[in-house]
Amino acid sequence: MARFDGRVAIVSGAGQGIGAGIAERLASEGAAVGVLDLNAAAAKATAEAITLKGGKAMGIGADVTEEDAVEAAVNQVVSEFGGLDIVVNNAGITRDNMLFKMSVEDFDLVLAVHLRGTFLLTKAAQRHLVERKYGRIINLSSRSALGNRGQANYAAAKAGVIGFTATAALELGPFGITVNAVAPGYIATDMTAATARRVGMDPEEHKAAAAQSIPVRRVGLPEDIAAVVAFFASEEAGYVSGQTLHVNGGQR
Ligand code: NAP
């Protein structure tokens, strides 16, 4: 029997990148996956790729900052797959700039997607998890939570995710629900390619340069994060809660 047979998962921002990797990993081990993304076509493409490999998934277009859309997406997954067990808050954006040049709109938007989005999806999902007295919630933080030049908005949001995770773990623990966070370092996706272009570098060059400062001498891949999320999502991780695990190739 596979690790997630009979389990139902929702992964936000799973139209591409790390989220798609997580959705594929959970599905490959038996979970039925609700693939959420702002881009409905991308969500459907990830779900279709999973289905083609023999897995179970449905793609849903939803903006995690909109309460009604999040509620509707959760209800759709629950009614289609018959419940909910695993929630991965992965949707994210960057709007990098030095503090003195950062617009209020870019500050608010980044906080809304990461923090309000994590709050809304967790809130909509928790009542289904509490009902079943079982759940696994995994939130994406970042190494940038420790501070990163040009990312005052993103660093604040990702530090906020750590506090949110610790608090949700306290409140939901009595209902058999664990809440943990993963804080990735450099994971090669469209997000890091955009960062490379912002600093005037070719994405491949940027990856090679980054690898030099990472102890394991390579950048991460979505699969590296998916493997850790799958551990937190597993039944056997039931005594691990309120934690943030840094997954960054050994950087300090
Ligand atoms: P990505 O390739 O840009 O993917 C992020 C996904 O989230 C996109 O499909 C995006 O859709 C979706 N999204 C954005 N805003 C949304 C919203 N309001 N509602 C629903 N979906 C939305 O980024 P990634 O690198 O895979 O990052 C995934 C997560 O890991 C993020 O939380 C990120 O902050 C975190 N992380 C990444 C790294 C890294 O090195 N890559 C490091 C640390 C943490 P659209 O394409 O339509 O905008």
Side-chain angles (χ1 to χ4, degrees), residues 10-25 34-47 49 59-74 87-96 106 108-121 124 138-148 151 153-162 164-165 181-198 203 206-207 210-211 213-214 218-226 228-229 244-249 251:
I10 289 185
V11 185
S12 72
Q16 63 179 48
I18 294 172
I22 293 168
E24 280 159 17
R25 174 71 191 248
V35 175
L36 261 61
D37 203 283
L38 189 57
N39 180 343
K44 289 194 166 66
T46 299
I60 303 169
D63 182 340
V64 294
T65 68
E66 287 180 14
E67 188 177 6
D68 293 348
V70 170
E71 185 82 24
V74 168
V87 180
V88 184
N89 285 299
N90 166 85
I93 57 165
T94 52
R95 291 290 184 276
D96 297 352
D106 281 352
D108 287 347
L109 183 62
V110 168
L111 262 78
V113 175
H114 293 277
L115 273 182
R116 181 183 161 93
T118 296
F119 163 67
L120 288 178
L121 181 52
I138 301 102
N139 302 323
L140 270 287
S141 178
S142 170
R143 184 163 196 269
S144 297
L146 305 173
N148 199 20
Q151 290 197 316
N153 48 5
Y154 184 79
K158 290 309 202 184
V161 166
I162 294 174
F164 179 85
T165 300
V182 180
Y186 192 123
I187 310 296
T189 65
D190 280 6
M191 189 177 271
T192 49
T195 304
R197 288 187 208 100
R198 179 176 61 86
H206 193 258
K207 273 195 260 180
S213 64
I214 298 170
R218 68 171 177 89
V219 297
L221 299 170
E223 297 90 294
D224 292 311
I225 302 306
V228 176
V229 169
T244 297
L245 184 60
H246 286 259
V247 181
N248 59 26
Q251 286 180 295

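Heavy-atom basis, side chains included; hydrogens, waters and symmetry copies ignored. In each ligand, atom 1 is the first atom listed, and ligand 1 is the first ligand listed.
- Taking only nitrogen or oxygen atoms, main chain and side chain alike, Ile93 does not reach within less than 3.5 Å of ligand 1.
- At a threshold of 4.5 Å between non-hydrogen side-chain atoms, the residues Val247 and Leu245 count as touching.
- Ring orientation note: the planes of Phe119 and Phe164 are nearly perpendicular, at an angle over 60° on the 30°/60° scale.
- Looking only at heavy atoms of the protein, atom 45 (P) of ligand 1 is closest to Asp37 OD1, 3.9 Å.
- The residue from Ala194, Ala62, Ala188 that puts a heavy atom closest to atom 20 (C) of ligand 1 is Ala62.
- With respect to atom 42 (C) of ligand 1, the closest heavy atom belonging to the protein is Gly185 O, 3.1 Å.
- In terms of protein heavy-atom proximity, atom 6 (C) of ligand 1 is nearest to Gly13 O, 3.5 Å.
- Judged by distance alone, the side chain of Ser141 and the main-chain N or O of Ala181 form no donor-acceptor pair under 3.5 Å.
- Contact analysis leaves Ala14 out of contact with ligand 1, as no non-hydrogen atom separation drops below 4.0 angstrom.
- Comparing Val219, Val182, Leu38, Thr46 against atom 48 (O) of ligand 1, the shortest heavy-atom distance belongs to Leu38.
- At under 3.5 Å, not a single nitrogen or oxygen of Gly19, backbone or side chain, sits near a nitrogen or oxygen of ligand 1.
- Of all atoms in ligand 1, listed by their number and element, those nearer than 4.0 Å to a heavy atom of Pro184 are 42 (C), 43 (C), 44 (C).
- Counting heavy atoms from C-beta on, the side chains of Leu140 and Asn89 never come closer than 4.5 Å.
- Of the protein's heavy atoms, Ile18 CD1, 3.6 Å lies nearest to atom 30 (O) of ligand 1.
- Of all protein heavy atoms, the one closest to atom 39 (C) of ligand 1 is Ile187 O, 3.5 Å.
- The environment of CD in Gln251 is crowded: more than 12 heavy-atom neighbours from other residues, nucleotides or ligands sit within 6.0 Å.
- Polar contact check, Leu140 against ligand 1: no nitrogen or oxygen pair lies under 3.5 Å apart.
- Looking at every heavy atom in both residues, Thr192 comes nearest to His206 through O-ND1, 4.2 Å.
- Side-chain contact between Arg25 and Val229 is absent, with no heavy-atom pair separated by less than 4.5 Å.
- The proximity of Val113 to ligand 1, defined as any non-hydrogen pair under 4.0 Å, is limited to the side chain.
- Closest to atom 19 (N) of ligand 1 among all protein heavy atoms lies Val64 N, 3.0 Å.
- For atom 2 (O) of ligand 1, the choice among His246, Gln16, Arg116, Lys158 with the nearest heavy atom turns out to be Gln16.
- Nearest residue to atom 32 (O) of ligand 1 from Asp63, Leu121, Asn90 is Asn90 (criterion: closest heavy atom).
- Considering only heavy atoms from C-beta on, Val110 stays 4.5 Å or farther from Thr94 through its side chain.
- At distances below 3.5 Å, not a single donor-acceptor pair connects side-chain atoms of Asn248 with backbone N or O atoms of Pro184.
- For the pair Arg143 and Tyr186, the minimum side-chain heavy-atom distance is 4.5 Å or more.
- The side chain of Tyr154, and not its backbone, has at least one atom closer than 4.0 Å to an atom of ligand 1 (non-hydrogen atoms only; side chain from C-beta on).
- The two atoms that bring Ala62 and Ala73 nearest to each other are CB-CB, 4.2 Å, heavy atoms only.
- When only modelled atom types and interatomic distance are considered, Thr165 and Asn139 share a side-chain donor-acceptor pair under 3.5 Å.
- Contact annotation for Thr189 and ligand 1: only side-chain heavy atoms (C-beta onward) come within less than 4.0 Å of the ligand.
- Not a single N or O atom of Thr192, backbone or side chain, sits closer than 3.5 Å to an N or O atom of ligand 1.
- Taking 4.0 Å as the cut-off, Ser141 counts as a neighbour of ligand 1 on heavy-atom distance.
- Within the 4.5 Å cutoff, the side chain of Met191 has no heavy atoms near those of the Ile18 side chain.
- The main-chain N or O of Asn90 is found under 3.5 Å from a side-chain atom of Ser12 such that the two form a donor-acceptor pair.
- Summary of contacts: the protein heavy atom closest to atom 5 (C) of ligand 1 is Gly92 O, 3.6 Å.
- Contact atoms of ligand 1 toward Tyr186: 40 (O) (distance under 4.0 Å to a heavy atom of the residue).
- Each of the following atoms of ligand 1 lies closer than 4.0 Å to a heavy atom of Asn39: 47 (O).
- Here Ala42 has no heavy atoms under 4.0 Å from ligand 1, in either its backbone or its side chain.
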